[in-house]
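Here is the structure we will look at.
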Amino acid sequence: MDHPGETMAKEDTPLHWLRTLFFLVIVRPLVLVIVGLNVRNRRALPFRGPAILAANHNSHLDTLALMSLFPLRRLPQVRPVAAADYFLRNRWLAWFSQRIIGILPLKRGANRRDLETQFAGIDAALERGDVLILFPEGSRGEPEQLARFKTGLGMIACRHPTVPVIPILLHGLGKSLPKGEAVLVPFFCDVFIGDALQGFEDRKRCMGAFEQEMQRLAEHADFPAWE
Amino acid sequence: MPWDRLHPNLLWAMGGIFALLLVASLVTGILTRRNPQKNLRELQARVKSWWIMASVFTVAMSVGRGVSLAFFAFVSFLALKEFLSVIPTRRADRRVLFWAYVTIPLQYYWIWEVWYGLFIVFIPVYAFLFIPIRMLLIGETKGFLAAVATVHWGLMTTVFSLSHLAYLLVLPPLEGFGAGGPALALYLVILTQLNDVAQYVWGKALGKRKVAPTVSPGKTLGGLLGGVATTTALAVLLAPLLTPLTWKHALLVGPLLGFVGFFGDLSISAIKRDLGRKDTGELIPGHGGILDRVDSTSYTAPIFFHYVWWAFY
């Protein structure tokens, strides 16, 4: 597992039929019926990849909600990028993360000089035309508060200037299932889809544009107090 | 087929609903063709949503008692979830809200068991006492009263009040009234929903004087009275088909539902105004959220239920 993504062994790739079944029977009823999504500006969502969905991160439900925005038959092309140190930390979690959720593992805090191997899996997926889900905040932070964005998103965007980055603001999932809680309490969740950003050559300018779009989405939002 | 079990009077009433929707679609189509410059998207969305709601409701009512009760429990769930999503809540109360949701399957289970005694006290007594106990165990006192009061209000409107509609379903048939509980529920739903529509239409046609300017500036006296008159006429007309009510009873029930439904609508408007929101959600295109649709029913259901209970059972 030193260079995840470089050469994908067969046991690291999603089991499509079981994954589809899992999303059909468990994830979609949970996310779309028990929780419930209010999606704004759905038109801005690309129907086909390659694309990068970049969202804020409050809950494990975030990934499932974003994956549920696509029709079930597009699921094989939708891949969340997730931290290798967390999601591959034991055999069972690694099996579930890679074969059922279909994550692309990313080594966090890798050596800057080693970018080629670090991003190999992501590059390959985007070249295949996949839709990647990225959480630039890194880990799930304080529920329902925007944390600082890490610039890995900017690096990936600059490596693929023709691939659109779709900023997405999520609200409510951190109330339903925050970090450290095991009991799910349903709240309607808002999904604000921003306008696509692309064509960046500079990582900082990309992050600036992304932050600006996330701020704009947050201004539209009308969230009840939760303290 | 489940249709065989349905009383013919119910089938007539359901047919009537769809005939009315057909008229609504025709009128919308003509209006759209005549005024191509006018934006009638909201009206079109509204009518389309009515078709979907009427279809889902008809299927839910036709398949059997279990499905009907599950359907109403699900409506309560959506309404409570929407309520809890738009009001300010405390982070500390996550587990309390979980228990608020648990009351829904229990309340509808009492109805399934036709256990009137528990149905009528479960939320106002047991949930009323238990919810604050769960909060006290967490121990957060800042904002305690507001938190416990909002949860209670939500449970009373979205679970307790709405579940009266479901309890109508399990009322036994009476002598000379074979259609039974499902017909009573249909009567209530038709009158309440058409009362909303009639108040809106009359308000557009001849409404001038604002009746609740600070709460809902769109509501006019003309709309209210026109709506109540329409509902009363309909109540008298449909009573022999769907209820054991005599025309005298119906003459009382009509205005009662008309006025009470108006205030149910207004109470959700007041909450939205308090929170600074236009609607409670976007679940139903053209209508808003589920609370925007069931607000009047949360008032008319208990009132109608207890009228029938007092008069016939």
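In what follows, chains carry the letters A, B, and so on, assigned in the order in which the sequence lines appear, proteins first and then strands, with residues in each chain numbered from 1. What you see is a predicted model, and the numbers here were worked out from it, not measured in a lab.
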**Complete:** Between B:Tyr126 and the options B:Phe130, B:Phe122, B:Phe128, the side chain to side chain contact (heavy atoms under 4.5 Å, CB included) test singles out B:Phe122
**Contact residues of residues 266-288 of chain B (partner chain A; heavy-atom separation under 4.5 angstrom)** = B:Gly276, B:Arg277, B:Glu282, B:Leu283
**Message:** Would B:His164 and B:Phe119 count as a ring pair (Phe, Tyr, Trp, His ring centres under 6.0 Å) here? Give the steps.
**Reply:** CA-CA 9 Å; B:His164 284 74; B:Phe119 156 76; 5.0 Å; yes
**Message:** When you compare the side chain of B:Ile123 with that of B:Met156, does any pair of heavy atoms fall below 4.5 Å?
**Reply:** yes
**Request:** Please say whether more than 12 non-hydrogen atoms of neighbouring residues, nucleotides or ligands are located less than 6.0 Å from CZ in A:Arg89.
**Result:** yes
**Asked** B:Ser296 and B:Asp265: side-chain donor and acceptor closer than 3.5 Å?
**Response** no
**Prompt:** Which bit of B:Phe98 is near chain A, if near means a heavy-atom gap under 4.5 Å: side chain, backbone, both or neither?
**Reply:** both
**Test item: A:Ile193 and A:Val191 side chains (from C-beta on) under 4.5 Å apart, heavy atoms** = yes
**Request:** Tell me, for B:Leu80 versus chain A, whether the close heavy atoms (under 4.5 Å) come from the side chain, the backbone, both or neither.
**Result:** neither
**Request:** Sort out for me which residue in B:Trp110, B:Tyr109, B:Trp115 forms a side-chain hydrogen bond (donor to acceptor under 3.5 Å, both in side chains) with B:Glu113.
**Result:** B:Tyr109
**Request:** Can you tell which part of B:Ile87 gets under 4.5 Å to a heavy atom of chain A, answering side chain, backbone, both or neither?
**Result:** backbone
**Asked** Is it the side chain or the backbone of A:Val39 that comes within 4.5 Å of chain B heavy atoms, both, or neither?
**Response** backbone
**Prompt:** Given the side-chain rings of B:Phe83 and B:Trp153, with only the six-membered ring counted for Trp, is the space between their centroids under 6.0 Å?
**Reply:** yes
